[in-house]
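What you see is a predicted model, and the numbers here were worked out from it, not measured in a lab. Residues take their numbers from the sequence shown, with the count starting at 1.
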Amino acid sequence: MDADHLSRRLATVARYIPQGSRLADIGTDHAYLPVNLLKRGIIAGGVAGEVVRGPFENAQHEIQREGFSDRLTARLANGLQAIEPGDHVDTVAIAGMGGTLITNILTQDFDRLAGVTRLVLQPNVSANQIRQFLMTHGFKLVAEEILAEDGHIYEVLVADRTTETVSYTADELRFGPFLLAAPNDAFIAKWQHEAQRTREVLQQMQGAKQVPTAKVAALTAELHQIEEVLAHARA
Ligand code: SAM
């Protein structure tokens with residue numbers, strides 16, 4: 001992968017970055033995403049944030065090599081601290097991390113999102129935590145994607161700022177409102193895998209000397225929830 005050839009995962013993230021926006025790509029690594037978007041004339045500019053020095057230097061090098069230092073700033077910073085008021089950032093992308101880390105990043109310096117109207121988030125796991133965050137922090141999902149690449153399944157969540165009250169059901173938080181409404185092969189594969197994993201854990205628990213009954217009950221309920229959604233998805 002490079003800035004001219006994004007992975008399918010990052011290309012999906014890129015599709016949801018609005019034309020003319022000012023982007024903060026948090027956890028940018030090589031800055032392939034913002035450099036690709038600049039090369040294609042999609043973003044006006046922005047910030048490439050990284051908390052680790054090695055990837056930060058990769059980003060700096062890539063930006064200089066492509067001649068974008070006047071429009072894209074690499075910053076060594078933790079999460080949203082990479083965003084400064086003078087950047088006029090209106091869109092934030094956070095890709096390639098777990099949902100818990102993405103949620104922590106968004107929560108820790110929430111005030112830095114003051115001018116931000118769109119979030120494009122790509123959790124590798126635990127997307128439910130991000131949906132819960134969006135619902136309680138004035139953002140509304142406007143699109144979701146799920147895709148398989150190189151043996152992994154990825155979700156992409158796109159959310160816009162809203163003044164509406166947003167409320168997702170337990171199923172929507174877990175599976176995603178848009179993904180539930182139009183389940184594709186990747187969705188089915190992901191949840192079949194989750195169901196199988198849950199069955200295995202349950203079997204181990206039930207074979208234990210002291211069966212943890214509360215945990216078994218909670219996992220059994222989760223398994224039923226998944227099986228029900230899968231039954232509808234295949235129907
Ligand atoms: N976003 C790129 C992508 O999707 O291909 C790179 C993903 S890479 C797996 C995750 C990157 O996030 C790493 O370079 C890591 O150093 C960075 N990172 C992790 N926690 C961070 C934080 N709190 N603030 C900024 N960057 C962070």
Cut-off 3.5 Å, side chains only: do Asp2 and His5 have a donor facing an acceptor?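 Yes.
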Tell me whether the guanidinium CZ or amine NZ of Arg131 lies under 6.0 angstrom from the six-membered ring centre of Tyr168 and within 45° of its axis.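 Because its charged atom misses either the 6.0 Å distance or the 45° angle limit, Arg131 does not stack over Tyr168.
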Quick one: does any side-chain atom of [X] pair with a main-chain N or O of [Y] as donor and acceptor, under 3.5 Å?
X      : Y      : value
Glu149 : Arg8   : yes
Gln60  : Ala74  : no
Glu57  : Val52  : no
Asn124 : Gly96  : yes
Asp160 : Lys140 : no
Arg118 : Val158 : no

Check whether any side-chain heavy atom of [X] lies under 4.5 Å from a side-chain heavy atom of [Y], and answer yes or no.
X      : Y      : value
Met135 : Leu173 : yes
Val229 : Trp191 : no
Gln108 : Gln81  : no
Phe175 : Leu179 : no
Arg75  : Asp87  : yes
Val47  : Ile83  : no
Val142 : Tyr16  : no
Glu50  : Asp29  : yes

When clusters are formed by joining ILVMFWY residues with side-chain heavy atoms under 4.5 Å apart, either directly or through shared neighbours, do [X] and [Y] land in the same one?
X      : Y      : answer
Val13  : Val89  : no
Leu119 : Ile130 : yes
Ile188 : Ile226 : yes
Leu76  : Leu80  : no
Ile102 : Val92  : yes

Distance (rounded to the nearest 0.5 Å) between [X] [atom1] and [Y] [atom2]:
X      : Y      : atom1 : atom2 : value
His137 : Thr162 : NE2   : OG1   : 15.0 Å
Leu38  : Asp70  : CG    : CG    : 8.5 Å
Glu145 : Asn184 : CD    : CG    : 8.5 Å
Thr103 : Asn128 : OG1   : CG    : 8.5 Å
Leu157 : Ile146 : CG    : CD1   : 10.0 Å

For atom CD of Glu200, is the number of surrounding heavy atoms from other residues, nucleotides or ligands below 6.0 Å larger than 12?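 Yes.
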Atom CZ of residue position Arg197 - does it have more than 12 heavy atoms of other residues, nucleotides or ligands inside 6.0 Å?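 Count not over threshold, so no.
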Phe139 vs Phe133 aromatic rings, parallel, tilted or perpendicular, using cut-offs 30° and 60°?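 Taking Phe133 first and then Phe139, their aromatic rings lie parallel (interplane angle under 30°).
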Residue among Leu219, Val216, Leu223 satisfying side chain to side chain contact (heavy atoms under 4.5 Å, CB included) with Val201: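 Result for side chain to side chain contact (heavy atoms under 4.5 Å, CB included) with Val201: Leu219.
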Indicate, with yes or no, if the rings of Tyr32 and His30 have centres closer together than 6.0 Å.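 Tyr32 vs His30: aromatic centres under 6.0 Å.
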On a heavy-atom basis, which atom in [X] and which in [Y] lie closest, and how many Å separate them?
X     : Y     : answer
Ala14 : Leu6  : CB-CD1, 4.1 Å
Met97 : Ile94 : CE-CG2, 3.7 Å
Ala44 : Gly20 : CB-O, 3.9 Å

Are Asp4 and Lys39 ion-paired here, with the side-chain N under 4.0 Å from a carboxylate O?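 Counted as a salt bridge, because a side-chain N and a carboxylate O are separated by less than 4.0 Å.
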So, Glu227 and Arg199, do they make that salt bridge, N to O below 4.0 Å?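 Yes.
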